[in-house]
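Working notes, structure below.
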Amino acid sequence: RIMKKYVYIIVLIWALLAGGITAYNENLLRKGEEILLKVSPVDPRDFLRGDYVSLSYEINTAPENSKLRGDVYVVLNKNSDKTYSIKKITNKKPENTVFLRGEKYGKRVTYKGIQQYFVKEGRGRELEKELVKGGLAKISVDKNGNARIKEIITAK
């Protein structure tokens with residue numbers, strides 16, 4: 001009887017944890033600020049996880065004058081074509097502006113939550129071919145710089 005009680009408690013904890021993560025991601029997608037980033041494909045398939053496209057953004061390359069390394073905040077600037085580019089990179093959390101949290105090593109900045117885009121099985125290579133012609137990623141960003149991909153728009 002005691003063992004059953006512990007099993008129920010463990011199952012409840014896992015369910016709450018999974019529900020919390022799902023709710024966090026859904027909230028970010030619904031309430032985060034929407035931005036557009038220019039995107040190109042890198043790799044279309046992982047045999048263990050399924051079809052996805054690894055994405056490369058213009059904002060993955062840091063400006064020459066940025067010497068920071070490790071965890072950084074990338075402040076974004078809205079361009080005339082409604083896409084965003086890097087305005088500056090800082091190690092202090094910015095306020096009242098659009099920014100992404102990232103990791104910078106050398107000239108490369110990577111961002112959690114937007115570097116890979118999972119697609120329906122069999123769609124990865126097709127999407128990669130479409131993105132070679134150009135594309136945009138519609139990203140939702142929260143006030144802490146966390147981001148998720150809402151949609152990939154191809155240049156058809």
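At a threshold of 4.0 Å, the pair Glu26-Lys31 does not count as salt-bridged, since none of the basic side-chain nitrogens sits closer than that to a carboxylate oxygen. Salt-bridge check for Lys143 with Glu33: failed, with every basic side-chain N at 4.0 Å or more from each acidic carboxylate O. Between Arg123 and Glu126 a salt bridge is recorded (basic side-chain N to carboxylate O distance below 4.0 Å).
Val74 and Tyr111 make their closest contact through CG2-OH, 3.5 Å (heavy atoms, listed as atom of the first residue, atom of the second, distance). Of all the heavy atoms in Lys104 and Lys67, the pair that sits closest is NZ-C, 4.3 Å. Residues Ile59 and Leu37 come closest through the heavy atom pair CD1-CD1, 3.7 Å.
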Residues 4-22 side chain polar contacts: donor-acceptor under 3.5 Å, at least two apart:
unit_1: Thr22; atom_1: OG1; unit_2: Ala18; atom_2: O; d: 2.9

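Under a 3.5 Å cut-off, the side chain of Asp142 and the backbone N or O of Leu28 do not form any donor-acceptor pair. Between the side chain of Asn27 and the backbone N or O of Tyr24 there is no donor-acceptor pair closer than 3.5 Å. Between the side chain of Glu151 and the backbone N or O of Lys138, no donor-acceptor pair lies under 3.5 Å.
We find the CD1-OG distance between Ile86 and Ser66 to be 8.0 Å, quoted to the nearest 0.5 Å.
More than 12 heavy-atom neighbours from other residues, nucleotides or ligands sit within 6.0 angstrom of NZ on Lys150.
Pairs of residues two or more places apart, or lying in two chains, that qualify as salt bridge (Lys or Arg N to Asp or Glu O under 4.0 Å) and include a residue from residues 68-86 are Lys38-Asp81. Among residue pairs with one or both ends in residues 91-100, none qualify as salt bridge (Lys or Arg N to Asp or Glu O under 4.0 Å); sequence neighbours excluded.
In this model, no donor atom of one side chain and acceptor atom of the other lie less than 3.5 Å apart for Asn144 and Arg101.
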- Decide side chain to side chain contact (heavy atoms under 4.5 Å, CB included) for Thr154 and Leu131; before the verdict, give the C-alpha distance in whole Å, the side-chain angles of both, and the deciding distance to 0.1 Å. CA-CA 6 Å; Thr154 58; Leu131 287 175; 4.0 Å; yes
